[in-house]
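Not measured: the values here are computed from a predicted model.
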Amino acid sequence: MELPVVDLSPYLALSGELVDSDQLSAQLSSLCAEVSRSLRETGALLIKDPRCSVQDNDRFIDMMERYFQCPDEFKRRQERPHLHYQVGVTPERVEVPRSLVDEEMQEKLKAMPKQYQPHTPVGPDLKWRYFWRIGPRPLNTRFQELNSEPVIPEGFPEWKETMDSWGYKMISAIEVVAEMAAIGFGLPKDAFTSLMKQGPHLLAPTGSDLQRYGQEGTVLAGYHYDLNFLTIHGRSRFPGLNIWLRNGQKVEVKVPTGCLLIQTGKQIEWLTGGDCIAGMHEVVCTNRTTDAIKLAQEQGRSLWRVSSTLFAHIASDAVLKPLGHFAESPLASKYPPLHAGEYVEQELAVINLKGQK
């Protein structure tokens, strides 16, 4: 199955002029409905945003390849375990995939048809990750460690400008998708974006060393969902991302050149009372990955698989609860009111990123 590609250009051309969904043309209403439908039915969406170019993504990945190629002892200087790894670097073999520790999830996996089952990870993820905050932080918050100061590695004078430039562009794309989704769901246009203001958004590239872990079948990031609102990815130079549709079907994602991939996180599931479900996914070395490794070797390119990922969050002090008509959903009681920051801390504890010193 091919995911739909939604071009944001027609909506962007009218942004700022729209007061409410009544002013949308039939074409734009249909586009918003396509966004909400895809998020609901597949947990994923491909978009084109003219503000996010291939060159922007390449510049970002080039810098992150150079960073991840640095010696481990250098990278560990940017490690902040006392802040739940929510800024700076998370080394490989720290983050535990949800499927390794969630017994209810493990039971569901056993019941899946064999061809749709995820690969079984044997331990913590083999990926490194860097967390870089994007956007302003609240002056007063109950969740200070989720809103900490950034960490900048030595020897990368372009770091802040490159991270901020790409991060703000991806947040801008998510905000448009969030507006369009809200309209498609029959909510006010700012239903989601108003809750995202001053959220702990994270530009979160991962780095996986395919020279060491490039054998077919190796699990780089085990089966899991994202705990945030929406996740956005630029195109990686190495394939390997599998996602699961709402009907349980497993799909290897192919992101076309010039497109970005959006995935649903747990916070949008909360806000829609389960109408959207957080999308499950994994990153595994496939035969397409090994083909890309051979090509990179022939061309003398880096063998680090960098994901160009950003996690958009609901503000830590905002309350997660089903919005508007979703509050009347029969599933709404499964999503009681909870501060977003509390929810994030609960999830971090499960996947081994909270409470470490």
Side-chain angles (χ1 to χ4, degrees), residues 39-40 43 80-87 90 94-105 108 129 131 133-135 137-138 140-148 171 174-175 178 181-182 185 187 191-204 221-232 262-281 309-324 326-327 329 331-356:
L39 295 179
R40 176 190 291 120
R80 300 292 185 270
H82 63 289
L83 296 175
H84 313 335
Y85 295 98
Q86 292 303 287
V87 289
T90 305
V94 169
E95 188 173 338
V96 177
R98 185 90 199 195
S99 53
L100 263 189
V101 291
D102 188 324
E103 291 181 6
E104 185 182 341
M105 188 181 287
K108 287 181 182 173
R129 191 192 289 285
F131 275 167
R133 300 284 179 203
I134 295 294
R137 292 287 168 268
N140 298 301
T141 175
R142 293 170 51 199
F143 306 97
Q144 197 57 54
E145 69 278 9
L146 300 180
N147 296 275
S148 307
I171 272 286
I174 285 231
E175 286 172 344
F185 284 129
L187 298 171
F192 299 133
T193 52
S194 61
L195 296 174
M196 290 170 61
K197 284 185 177 135
Q198 297 190 333
H201 312 308
L202 286 167
L203 184 57
Y223 181 79
H224 67 287
Y225 57 74
D226 291 340
L227 60 84
N228 53 297
F229 172 60
L230 289 174
T231 302
I232 185 168
I262 305 271
Q263 290 178 278
T264 51
K266 206 70 178 175
Q267 291 173 356
I268 194 172
E269 179 177 329
W270 216 279
L271 296 172
T272 61
D275 194 53
C276 271
I277 296 291
M280 305 303 300
H281 48 284
T309 300
L310 182 138
F311 298 127
H313 277 260
I314 299 303
S316 304
D317 296 277
V319 174
L320 292 175
K321 62 180 180 180
L323 300 176
F326 292 120
S329 158
L331 295 176
S333 60
K334 287 180 61 181
Y335 303 95
L338 181 68
H339 282 99
E342 287 179 70
Y343 173 71
V344 169
E345 289 183 340
Q346 288 172 16
E347 289 280 337
L348 295 179
V350 173
I351 60 174
N352 205 33
L353 294 185
K354 186 174 189 293
Q356 297 200 23

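- For the atom pair L230 CG and I171 CD1, the distance stands at 9.5 Å (nearest 0.5 Å).
- Contacts of R40 classified as side chain to side chain donor-acceptor pair (under 3.5 Å), with partners at least two apart in sequence or in another chain: D275.
- A cation-pi arrangement is present between K266 and Y225 under the rule of less than 6.0 angstrom and at most 45 degrees off the ring axis.
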Practice task
Let me see the working for E269 and Y335 under side-chain hydrogen bond (donor to acceptor under 3.5 Å, both in side chains), right down to the final yes or no.
Solution key: CA-CA 9 Å; E269 179 177 329; Y335 303 95; 2.6 Å; yes
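- Here the side chain of R80 pairs no donor or acceptor atom with the backbone of Q86 at under 3.5 angstrom.
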Practice task
Determine, step by step, whether F311 and I232 satisfy the side chain to side chain contact (heavy atoms under 4.5 Å, CB included) criterion, reporting the C-alpha distance in whole Å, the side-chain angles of both residues, the deciding distance to 0.1 Å, and the verdict.
Solution key: CA-CA 7 Å; F311 298 127; I232 185 168; over 6 Å; no
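- When all heavy atoms of A327 and A332 are compared, the closest pair comes out as O-CB, 3.5 Å.
- R137 places a side-chain N or O within 3.5 Å of a backbone atom of G199 that can act as its donor or acceptor partner.
- Listed here is the closest heavy atom pair of A340 and A315: CB-O, 3.3 Å.
- Side-chain contact check for L202 versus L310: every heavy-atom pair is 4.5 Å or farther apart.
- With sequence neighbours excluded, no residue forms a side chain to side chain donor-acceptor pair (under 3.5 Å) with T193.
- Aromatic ring orientation, F192 versus F185: perpendicular (interplanar angle above 60°, classes split at 30° and 60°).
- Between D317 and N140, the shortest heavy-atom distance links the atoms OD2-O, 4.1 Å.
- You'll find the side chain of L338 reaches within 4.5 Å of the side chain of Q346, heavy atoms only.
- Note that the NE2 atom of H281 and the OH atom of Y223 stand 10.5 Å from one another [nearest 0.5 Å].
- With values rounded to the nearest 0.5 angstrom, I134 atom CD1 is found 5.0 Å from L203 atom CG.
- Smallest separation of non-hydrogen atoms from L187 and G324: CD2-CA, 4.1 Å.
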Handout entry: Candidate pair L271 and L320, rule side chain to side chain contact (heavy atoms under 4.5 Å, CB included), full reasoning
Key = CA-CA 6 Å; L271 296 172; L320 292 175; 4.1 Å; yes
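- Not a single donor-acceptor pair under 3.5 Å links the side chain of R133 to the backbone N or O of V87.
- With sequence neighbours excluded, the residues satisfying side chain to side chain donor-acceptor pair (under 3.5 Å) with T231 are D226, N228.
- Closest approach of D102 and M105 over heavy atoms only: OD1-N, 3.0 Å.
- Checked by atom type and distance alone, the side chain of T264 never pairs as donor or acceptor with a backbone atom of L39 at under 3.5 Å.
- Taken to the nearest 0.5 Å, the CD atom of E345 stands 8.5 Å off from the OG atom of S316.
- Counting heavy atoms from C-beta outward, M196 and E175 have side chains that approach closer than 4.5 Å.
- In terms of heavy-atom proximity, H224 sits nearest to G222 at ND1-O, 2.6 Å.
- Using a 4.5 Å heavy-atom cutoff, the side chains of L323 and T272 are not in contact.
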Practice task
Test H313 against L227 for side chain to side chain contact (heavy atoms under 4.5 Å, CB included), laying out the working first.
Solution key: CA-CA 9 Å; H313 277 260; L227 60 84; 3.5 Å; yes
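- Counting only heavy atoms from C-beta outward, the side chains of W270 and P336 approach each other to under 4.5 Å.
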